[in-house]
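Residues: numbered from 1 along the sequence shown. Computed from heavy atoms alone, side chains included, the values below leave out hydrogens, waters and symmetry copies.
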Amino acid sequence: MAAAAGDASPGAQAIRPNDGEPNHGLRIFLMWVVLALAADLLIWFVWGPHLPPGTMATASAGQQFDIKVMAVMAAPVMVLVLVYFGYALTVWRQRDGDEEDGPALHGNTRIQATWITVTSVMVLSLFAFGTYELVTAQGAGAGEGPSPIWKPTGHTTLQVQVIGQQWRFTYRYPQFGGFETTQLMLPKGAWVEFHVTSLDVIHSFWAYQLGVKADANPGVDNVAFTKPTQLGLVTVRCAELCGLWHGAMFDYGHVVSPAAFASWASATRIRLASVTKILPPYATSYDPTVIPNINKAMAKAGISGANGYYYPGPPFTPTAP
């Protein structure tokens with residue numbers, strides 16, 4: 001009885017947990033679950049379909065999907081931080097007249113282990129997901145050098161060479177006689193194999209809606225794949241500082257129906273036949289010494305503003321044909 005009475009003393013009760021204290025961890029957890037689920041649903045179904053770069057091609061659709069997955073995985077972490085911050089400001093804020101120090105905290109092994117486990121699983125999952133995406137068609141849109149890891153199999157690809165030069169992109173179509181033009185025309189539903197190179201300085205071919213962004217380096221063939229799945233305009237920009245008029249180095253490409261593309265390619269091949277004869281033979285990259293010939297052909301075709309005079313040599317002065 002004396003022992004029981006001693007246990008019931010005020011001093012003993014003072015060191016016991018306060019039975020009236022709410023379960024703050026459970027409160028925070030429940031608020032977090034509801035808000036995190038709502039955030040993920042909004043991201044996936046409402047915000048996700050409008051994320052850049054859109055779904056005009058397989059590469060861009062893959063990139064949009066990647067961003068959605070990463071956003072869905074990151075949102076719960078962000079929500080947890082905000083919920084805890086807001087709860088702490090509301091429930092554990094200092095009250096008027098309360099000058100006492102709070103209880104000493106010595107860590108919580110269960111919470112620490114849970115946090116390390118969950119974050120490690122998330123990081124490793126993103127690592128595995130990103131690695132998988134980089135070795136599939138969705139990862140090939142950024143350019144993988146002359147020997148890409150992934151190539152579409154079982155399909156006939158349309159080869160388009162992208163030639164960067166100060167300050168314009170031109171395009172050669174080797175499967176249609178090798179003509180060169182400033183028009184980027186692509187057929188819907190066909191795999192496109194871009195071969196990106198440069199005549200002078202380093203450029204970067206960025207076809208935004210296609211999800212293709214590949215460096216254009218002199219003497220290097222940088223290959224990128226995509227398949228347009230929707231008709232429409234494609235914004236093309238240089239994404240690498242390349243000189244005075246870098247900001248003006250942009251244009252628009254077109255994704256058209258297969259029949260419209262075939263008609264355009266046939267007509268352009270005939271129209272530029274005399275110009276194509278002047279061009280050097282199609283190659284994955286070009287020696288700087290042939291640039292004057294390329295300039296001559298472009299001048300004859302009425303293409304101006306891309307002279308390729310970065311390398312030494314006498315400039316070409318166009319004359320009347």
Aromatic ring pairing [X]/[Y], orientation class (parallel under 30°, perpendicular over 60°, tilted between):
X: F29; Y: W32; value: tilted
X: W264; Y: F261; value: tilted
X: F169; Y: H203; value: perpendicular

Exercise for the section: Please assess Q209 against Y252 for the test side chain to side chain donor-acceptor pair (under 3.5 Å), listing each intermediate value before the final yes or no. Expected result: CA-CA 11 Å; Q209 288 83 357; Y252 296 95; over 6 Å; no
Beyond-backbone contact of [X] with [Y], side-chain heavy atoms, under 4.5 angstrom:
X: Y282; Y: E180; answer: no
X: Y171; Y: F194; answer: no
X: T284; Y: P146; answer: no
X: M73; Y: L126; answer: yes
X: L158; Y: P187; answer: yes
X: L41; Y: V46; answer: no
X: K213; Y: S204; answer: yes

Rounded to the nearest 0.5 Å, what separation is found between the [atom1] atom of [X] and the [atom2] atom of [Y]?
X: L35; Y: D40; atom1: CG; atom2: CG; value: 11.0 Å
X: W44; Y: L51; atom1: CH2; atom2: CG; value: 10.0 Å
X: W92; Y: H24; atom1: CH2; atom2: NE2; value: 5.5 Å
X: R172; Y: T276; atom1: CZ; atom2: OG1; value: 7.0 Å

Exercise for the section: Specify the closest pair of heavy atoms between I202 and C242, including all atoms of both residues, with the distance to one decimal. Expected result: O-CB, 3.7 Å
[X] atom [atom1], over 12 foreign heavy atoms within 6.0 Å:
X: Y84; atom1: OH; result: no
X: M78; atom1: CE; result: no
X: K68; atom1: NZ; result: yes

Problem - side-chain hydrogen bond (donor to acceptor under 3.5 Å, both in side chains) involving Q230 - partner list, sequence neighbours excluded - result: T55
Handout entry: Full working for side chain to side chain contact (heavy atoms under 4.5 Å, CB included) between V256 and L186
Key = CA-CA 6 Å; V256 298; L186 302 172; over 6 Å; no
Problem - Over-ring placement of R269 relative to F179, 6.0 Å and 45° cut-offs - result: no
Exercise for the section: Using distance alone, with no hydrogens and no angle criterion, decide if T170 and Q165 have a side-chain donor and acceptor under 3.5 Å apart. Expected result: yes
Exercise for the section: Could you verify whether a donor N or O on one side chain and an acceptor N or O on the other, from W206 and E240, lie under 3.5 Å apart? Expected result: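 Result is no, nothing qualifies.
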Exercise for the section: Indicate if V72 and F45 have the same hydrophobic cluster label, given that clusters are the connected sets of ILVMFWY residues with side-chain heavy-atom separations under 4.5 angstrom. Expected result: yes
Problem - In one Ile/Leu/Val/Met/Phe/Trp/Tyr side-chain cluster, 4.5 Å: W115, L124 - result: no
